[in-house]
Amino acid sequence: MRQLRSLWVGWLPGVLAALGLLGFAVMLFVVLLRSAGTLSLSSLDPQTLHVVKFTLYQALLSTILSVGLGLLLAWALAHQPRFRGRSLLIALFSSSLVLPTLVVVFGLIGIYGRNGWINQLLFWVSGDDLGSYLYGLFGILLAHVYLNASFASRAFLHAFESIPQEKHKLAKSLGFGVWQRFWIVEWPSLKQTVWSSAATIFLLCFTSFAIVLILGGSPKYNTIEVAIYEAVKLDFDLPMALKLALIQLALTSVLVLLSSSFRSPITNLKKSTAHIIWQESRGIIWLQRGLILLFTLFFVTPLLSIVAEGVDAGLWQIVQRPIFRQALMTSLAVAILSALLTLLLVLVLSAAKRNFDMPTRLGRSPWARLWSLLITLSGNLYLAIPTLVMGLGFFLLALHSALPRTLWAWIAILTANVLMSLPFAMAVIYPQMMKISQRYDKLSFSLGLGRRERFFAVELPYLRGVMAYVFALAFCLSLGDLGIIALFGNESFMTLPWYLYGLMGSYQSRDAAGVALVMLLLSVAVFVWVPKLFGGRDVTHR
Amino acid sequence: MLHIDDLSYVYKREEPPYRYSMQVDAGEIAAVMGSSGSGKSTLLDLIAGFLQPQEGCICLDGKHLEHLPIEKRGVSILFQNHNLFEHLSVAKNIRLGRKEATDKEIADILEEVGLGGYEKRLASELSGGQQQRVALSRVLLRREPILLLDEPFAGLDEQTKSQILDLVREITDRHSLHTVMVTHDPEDAKHIADRRYLMHDHRLTPQ
Amino acid sequence: MRKTLLIFLFSIIALYSASKPTLTVYTYGSFTAPWGAAAKVKEAFEKEHNATLKFVSASSAIGALRKIQLEGIQTKADILMGLDTATMEMAKKTGLFAPHDLNLSRISLPVSYSDDTFVPYDYSYFAFVYDSDIVKKPPSSFEALAHMPKDFKIIIEDPRSATPGMGLLLWIKTVYGDRASAYWQCLSPHILTITKGWSEAYTLFLKGEADMVLSYTTSPAYHQYMEHRDDIKAALFKEGHYGQIEVAAMLKRTKHPDLAKAFLDFLLSEKFAEIIPTTNWSYPVRTPASGLPKVFETLPRPKQMLLMDPKHVEQYRKEYLREWLRAIGQ
């Protein structure tokens with residue numbers, strides 16, 4: 001029992017952290033509701049209604065397209081188990097999670113913009129081009145599909161490859177066609193992943209900000225998040241912003257409740273090796289190869305255009321600008337601090353949750369289930385509180401506060417980044433901690449290992465890899481985010497995304513290309529190298 | 001007669017190839033034994049056509065099978081598990097064997113394996129033994145001459161196992177099947193097999 | 001050691017307090033552009049006054065106003081420059097600005113002007129600008145513009161963030177009255193994009209992204225004067241041209257009220273009137289003794305300036321904006 005009693009070190013910080021996060025959420029509600037005061041939500045003017053409708057409409061379309069395309073791609077990849085560069089391609093597609101949104105948008109403009117590669121090619125071939133077609137609903141859908149389809153396909157591919165080989169063999173021996181194989185063998189195994197991915201993607205597109213801000217093109221295509229931003233920054237119409245924020249909050253809460261079976265598809269990032277043995281007919285093979293080729297082109301060309309334009313832009317000059325250096329330093333500081341805070345929080349939260357969930361620990365105590373639930377909730381706050389709503393809350397606090405605005409900007413941006421990274425971090429760290437406990441708890445308790453020994457000897461070797469991964473993930477997410485900074489950024493507090501947004505807004509495309517390239521390289525480098533450098537040897541459970 | 005003659009398959013380039021020779025008459029059961037990883041399941045994959053041999057032949061009554069596509073080889077397979085699609089009913093699972101099968105035929109066949117009246121049940125509701133019986137009834141409906149069994153009884157308790165082994169024996173006799181059964185349990189082999197082979201050192205040898 | 005440090009510190013503080021006061025002016029981006037008015041204005045003003053003039057630019061004048069509002073009590077702005085008669089009443093309502101106490105009789109504008117808070121410093125007329133090498137037959141009226149071929153694209157500014165955007169809104173309202181909404185619906189397919197400020201729109205136009213851009217009748221003067229290009233022209237519309245009188249005001253919270261007043265007075269000076277035409281590319285509010293630069297004399301000038309009463313604009317601003325959003329949004 002000595003070990004059990006000493007467990008409080010394992011759960012108290014986590015409980016405090018969870019209570020802190022939930023308290024923060026409550027405070028945010030109070031600030032918003034208090035400021036709303038006599039605001040009447042019952043009367044929705046047609047313009048607001050239009051924004052709400054469009055937000056739902058584009059999110060629905062984006063989700064259907066992303067899931068559909070992701071499914072097709074995963075299907076093609078699953079049935080083409082052997083070709084050169086396959087695993088590299090898959091790794092590339094799953095990296096879309098950490099690509100800075102703004103950089104992707106810049107790349108898409110380089111391909112599909114009025115002077116993009118497609119128009120240039122068409123003009124070269126036929127002497128005529130498509131003109132301007134990117135801005136508006138098409139652009140929004142394109143960017144959403146780019147970011148989500150590729151990532152969803154990774155989760156779907158995992159589901160495809162988790163289907164027992166026997167099922168495919170059986171289906172083949174029973175002479176199934178491609179359709180029958182899909183509906184009888186594959187769909188039942190994919191269903192759950194498809195629904196949970198769809199729920200996540202819908203939520204992400206519903207609260208989409210940066211993409212809509214740039215590619216929306218006109219007020220016709222505003223989401224609620226962008227409308228909040230415009231109400232604050234264009235009209236300084238705080239009552240309107242509050243009204244929109246409360247609508248947004250209500251809708252996301254309903255959505256999160258509806259998708260309560262929601263499981264982050266990110267847990268499926270592990271590599272699977274079960275290849276499907278199935279000799280396809282020639283037509284299907286070409287279809288699958290065509291799909292993979294087209295999607296690869298779709299995915300890679302914007303990245304290539306960033307590299308091409310960035311190299312062309314005279315990177316050296318851009319890098320030497322004081323304003324660039326200032327933005328770079330701020331961004332690095334923000335990203336590193338956010339990643340460290342995320343790591344700290346996720347470790348404390350997961351450790352506490354594990355203590356409440358494990359029967360060998362505190363799992364049998366009466367309040368364990370409740371605490372465990374509260375911790376889960378606090379780790380997933382981001383899903384219910386959209387960035388701009390949180391930003392508005394901070395903004396209202398800052399407006400009447402004597403503290404320097406820059407300090408508020410730091411608090412707001414760090415909070416937002418940590419909350420954004422936490423759901424992903426929890427989904428990665430917690431299962432790993434549980435696994436370690438299930439496997440070694442009885443052994444290490446029976447050996448009478450102390451807390452410290454347990455952590456350094458038993459846990460750390462297995463956690464290092466995922467910790468490095470979470471750090472890299474949180475770093476990249478924080479580096480690339482254009483959310484809160486849009487409300488708090490100014491000439492003295494400038495991050496790389498905000499700088500890039502300013503450059504793009506004023507159409508200084510050469511400088512923008514340089515900054516986009518730097519951000520892309522930085523994200524990729526951190527995402528690839530941090531897990532390699534700090535992850536240690538790969539100690540995996542079998 | 002199912003005749004396998006000097007069939008060879010390279011599994012890993014640095015290792016010698018697996019070599020198989022065996023024969024099974026109609027109405028006979030051949031048991032293939034060996035430790036796990038010895039290459040016994042590879043034999044079934046080769047017969048079924050999931051893998052292509054480097055050389056050698058698989059002949060059924062003088063007809064070469066090795067270049068035929070899987071669905072034309074006349075093969076039914078039973079695995080240790082995953083033989084049914086859990087979200088479909090028993091009847092639907094069986095009808096996947098032959099689309100034109102009438103309800104009467106399915107009812108009769110279910111009767112034959114001792115599961116009369118189970119048509120409407122979902123496959124996921126059945127016990128392990130019952131699932132294997134349903135899978136066997138689909139084999140019957142397909143009327144394919146070759147039956148491949150990949151340790152289909154490994155997860156079952158003794159009593160159920162011996163019942164199903166008897167059922168396999170009975171079906172093989174009545175429908176003149178060429179049955180090849182992979183198992184690691186010599187008792188199973190002794191219990192029902194007419195011929196016994198051992199996979200050892202990349203080679204299949206008669207016992 | 002400690003002593004020297006103290007002396008060092010004191011001398012810094014002494015230097016700091018003895019240094020000239022800084023007057024901070026928030027304005028739109030093109031004013032502080034390399035070719036813009038800011039540098040010359042700064043030089044001229046600092047020569048006359050013992051002060052440092054600092055310009056801080058936002059994407060647009062309205063953006064600069066929002067910046068002041070967003071910064072709340074912490075703003076560093078002393079002066080806001082760049083709003084116009086359509087937006088100044090809105091700015092007044094925020095209660096952030098102080099009266100100027102200046103005599104405005106020195107100025108001569110095409111319309112009568114009087115306001116106790118905002119001081120006018122230049123004016124021009126809104127117009128669509130095109131490249132005559134590319135657009136051979138520019139539209140000569142709003143009617144003609146709406147009936148241009150489908151691929152004829154224009155760039156306009158957002159009336160919520162940019163004064164030219166608001167200007168176009170009021171221009172069309174003046175010309176079409178109750179039918180304005182219907183006209184916007186006809187115009188909508190021709191709109192390539194709606195930018196947040198004038199600079200973005202003009203940059204896009206110069207890159208060849210669109211056929212015409214909403215700018216000013218005086219914009220071609222820049223290209224003639226700076227680049228000796230005659231191909232950039234403003235399309236004159238039969239219906240007449242809406243005017244823009246740009247104004248500036250000082251903030252109530254300014255720490256240097258006298259200096260701020262001096263700056264507003266400077267805006268009405270002859271020196272400023274000499275700088276403004278060839279830097280901000282608009283007409284000064286008084287004619288300098290040397291007269292207007294030559295290019296301005298050859299520019300086609302609308303006979304009459306359409307302009308709504310500022311109070312009327314403020315009364316209906318929200319309604320007009322809603323109408324506009326609906327017209328282009330649905």
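Convention: sequence-line order gives letters A, B, ...; per-chain numbering from 1.
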Donor + acceptor pair across side chains of A/Q80, A/Q288 (<3.5 Å):
yes

Does anything in residues 90-106 of chain B reach chain A? List residues with heavy atoms under 4.5 Å apart, or say none.
B/L96, B/G97, B/K99

Spell out, as yes or no, whether a donor-acceptor pair under 3.5 Å connects the side chain of B/R19 to the backbone of B/S8.
no

is_close_aromatic(B/Y20, B/Y197), centroid dist under 6.0 Å
no

Report which part of B/H87 has an atom under 4.5 Å of a heavy atom belonging to chain A: side chain, backbone, both, or neither.
side chain

For A/H168 and A/E186, test the side chains for any donor-to-acceptor distance below 3.5 angstrom and give the result as yes or no.
yes

Which atoms of B/N81 approach chain A - backbone, side chain, both or neither, heavy atom under 4.5 Å:
both

Pi-cation contact, A/Y462 with A/K435 (under 6.0 Å, within 45°)
no

Find out whether the Lys NZ or Arg CZ of B/R121 is both under 6.0 angstrom from the six-membered ring centre of B/Y118 and within 45° of the ring's axis.
yes

Quick check on B/R142 against chain A: is it the side chain, the backbone, both or neither that has a heavy atom closer than 4.5 Å?
side chain

If you draw a 6.0 Å radius around CD in B/Q54, do more than 12 non-hydrogen atoms from other residues or ligands fall strictly inside?
yes

Under a 4.5 Å heavy-atom cutoff, which of A/A171, A/P188, A/G175 has the most pairs with chain B?
A/P188

